[in-house]
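Report on the structure given below.
This chain uses plain numbering: 1 for the first residue, then up along the sequence. Whatever order the structure lists ligands and atoms in, that order sets their numbers, starting from 1.
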Amino acid sequence: MKRYLITLALACSLACTPKSSTPVYLDPSQPIEARVNDALGRMTLEEKVAMTHAQSKFSSAGVPRLGIPELWHTDGPHGIRPEVLWDDWDQAGWTNDSCTAFPALINLAATWNRDMALLYGDCIGAEARYREKDILLGPGINICRTPLGGRTFEYMGEDPYLAGQLVAPYVKGVQQNGVAACVKHFAVNNQEMRRTSTNSIVDDRTLYEIYLPAFKAAVQEGGAWAVMGSYNLYNGQFNCHNHRLLCDILKDEWNFDGVVISDWGGCRDDDEPITNGLDIEMGTWTNGLRGAASNSYDNYHLARPYLERLKDGRATEEELDGKVRRILRTVFRTSMSPEPHFGSFTSPEHFQAAREIAADGIVLLKNDGVLPLKLHEGARLLVVGENAYKMMVVGGGSSNLKTKYESIPLDALQEAFDGHCEVVWERGYVGDTTTDYNKVVTGQDLSESRSAAQLMADALEQARMAEVVLYIGGLNKSAYQDNESTDRLDITLPYGQDALIEALAQVAGKLVVVNISGSPVAMPWASRINAIVQAWYGGSEAGHALADVLTGAVNPSGKLPFTMPLALADGPLKTERQYPGIKPEGETWWQEYYDEGVFVGYRWYDTQDIPVQFPFGHGLSYTTFDLKDARVRKAGDGFRVSATLTNTGSVAGAQVVQLYVADPEASVARPAKELKGFQKVYLKPGESRQLSFTLDKQALSFFDADAHAWVAEPGDFQALLGFSSADIRAVVSFTLASK
Ligand code: GLC
């Protein structure tokens, strides 16, 4: 607000100043490029260089002499990080920066709902603007290549089309608040293990078909104003100054006109950043990776070393001007935007949005009719599991948040059943007793004196007396359990949960399991459970959202954004060189080979006919749906596929109709099916809706690396319509006559 008032005062003073004497860069009515050129022409060399690197932990310099403010960057993808110290990760201890914690992005992905993505972006963008932040360091959209990926919870699943379709509205939502969305981490950054020392070796077809499309959608459909380079190397060059990724692809092929910033400490060289597309070096201490004196921002690669190179001719002012133009463009799009933006913070609307998004992404995996919960008057509902109680907005890494309040499942369930039946809780196991992260605290006491055996015995004793047992467990964003900088070590549930679930299944009348995680987990007990729900880190309203679904206040409509395999070994990563990488003799960095190519997630399991626990795109409802009259017809250069969806059940609900394409005659090995369309449709009982999908040639194409072009080969294709990648309800065939 403060900076807006300054800008407003400036604008008012301008209004009283004769037009001719108003500097163009300060005149919001002027075209943005004219403002950029005018400002650039007024800057000194030192002022230009200062803009290209951090001046504090989360800000990069402006031009005070010209009244151009610094740029404030903020994590993260799920909410606005509490203010940190000028030159440290620890909290500044403000009392007015408790935000709305929105659901983890994997939860948004599970909604398969473009409207929810726009709503999410608009709310988080408003919170960033209110907190006077200009660049939101999110969303993260790296593909889930391995279920072990430590930041899978922060990303949007295993399919590039799904991620691309959701990231674009999220970016638009953020930026309509005068805040730059900074999509990350560009690119092929698909694990946390050795994330700053691993070289991703990927062939071009895989790069263009799997790992680039979501970023391309963010830039070209979402209009992203910022991109963050990733810590890893790609084809031997660090990604925060990777010429091929940042110059050839992002800025040249995609015409990206925004700003490229480094991940914190991701800039690793004095010379490459100058010519390889990095615009702002952010980080920690000196060049971000080595500990050194604090406040040593002048030691950054794009600081004193850069100035020296400019002065001795090793670098040109033209390159520098290219960076500063992008930075100034970002300033004129955000804090000095022509449209005034005020933002809003922790409003009832934002918490309601968080609750709706969280619920819309909860996935009903299995249900024998025990859900929605119907309990007799005075009955006992036993809730077992640490995740019913543990607050999980705090933790996980840089997406850690200090939220105004967090609704936990146990409280929400007691609220929902208050006056109707008794809700009791047994912890069942001890997972993570941490209650703080970066000095943000939850205030809970998770200490426990009972042994594991006693905890289980207490739960089983209670289970015998309950009408229904509701198990709420899973992972918890602690180290190795969905956490930045550590990958998971396997997909088995930790803390002895499988044994506890099996024991409960023996004694419970009815057992519902809710798995709260941000990545796939093995469910060896699935056949012995009445109902299974996949919930996510749902943010401030996690508890209410889960209770809404379990009680039937909300009919579940979420769909899995990744495959739940039966076993990790069933996946496509069979060798150490594929994951987590190898270090051959003489190599400085770890080498990771994406030998599986495009066969990631369901592209692998479906093509290899490998059975899975629950397939990509799977999710049930409390109602039923039918899909009929599927047909395909030529439409211009492409094809139009249509079908009629009907709610054949007794309650209103939503279905996500998914469209996959198969190219059985391809001259290259292509996946059995590839997602190329989806629509989420809410219908009343008995209501029908005709759906229509467009398949253009791009949707039929594979990437020909030799030709460096997308190719749609003439021949027969199939369009598969269904409610998951494995639940195909209709197949229509068509022939593409010519390229
Ligand atoms: C972290 C993360 C990045 C985050 C940045 C600032 O290392 O990789 O996602 O935005 O640093 O916290």
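In this structure, Arg145 is not positioned above the aromatic face of Tyr579 in the sense of NZ or CZ being under 6.0 Å from the six-membered ring centre and within 45° of the axis.
Here atom 8 (O) of ligand 1 lies nearest to Asp263 when heavy atoms of Asn438, Ile261, Asp263 are compared.
The nearest protein atom to atom 7 (O) of ligand 1, hydrogens excluded, is given as Tyr231 OH, 2.7 Å; this is a heavy-atom distance. Looking only at heavy atoms of the protein, atom 4 (C) of ligand 1 is closest to Asp75 OD1, 3.4 Å.
Side-chain polar atoms of Asn400 and Asn438 form no donor-acceptor pair below 3.5 angstrom. Side-chain contact of Arg488 with Ser519: a donor-acceptor pair under 3.5 Å is present, judged by distance alone.
Neither the backbone nor the side chain of Glu154 has any atom closer than 4.0 Å to an atom of ligand 1 (non-hydrogen atoms only). Contacts of Met282 with ligand 1, taken as heavy-atom pairs under 4.0 Å, are absent altogether. Counting heavy atoms under 4.0 Å from ligand 1, residue Lys57 does not touch it at all. Contact annotation for His73 and ligand 1: no heavy atom of the residue comes within less than 4.0 Å of the ligand.
Within ligand 1, the atoms closer than 4.0 Å to a non-hydrogen atom of His185 are 3 (C), 8 (O), 9 (O), numbered from 1 in the order shown. Every atom of ligand 1 is numbered from 1 in the order shown, and the set under 4.0 Å from a heavy atom of Arg81 is 12 (O). If you number the atoms of ligand 1 from 1 as listed, the ones under 4.0 Å from a heavy atom of Leu137 come out as 10 (O). Proximity to Met228 (heavy-atom distance under 4.0 Å) selects the following atoms of ligand 1: 10 (O). The atoms of ligand 1 that sit less than 4.0 Å from any heavy atom of Lys184 are 3 (C), 4 (C), 9 (O), 10 (O).
Taking only nitrogen or oxygen atoms, main chain and side chain alike, Glu484 reaches within less than 3.5 Å of ligand 1. On a distance-only criterion, Trp89 and ligand 1 share no N/O pair closer than 3.5 Å.
Ring orientation note: the planes of Tyr537 and Phe153 are nearly perpendicular, at an angle over 60° on the 30°/60° scale. The aromatic rings of Phe351 and Tyr405 sit parallel, their planes meeting at an angle under 30°, below the 60° perpendicular limit. Taking the six-membered ring for Trp and thresholds of 30 and 60 degrees, Phe238 and Trp589 have ring planes more than 60 degrees apart, a perpendicular arrangement.
Taking CZ of Arg304 as the start and OH of Tyr297 as the end, the distance is 14.5 Å to the nearest 0.5 Å.
For NZ of Lys439, the number of neighbouring non-hydrogen atoms (other residues, nucleotides, ligands) closer than 6.0 Å is 12 at most. Within 6.0 Å of OH on Tyr480 lie no more than 12 heavy atoms contributed by other residues, nucleotides or ligands.
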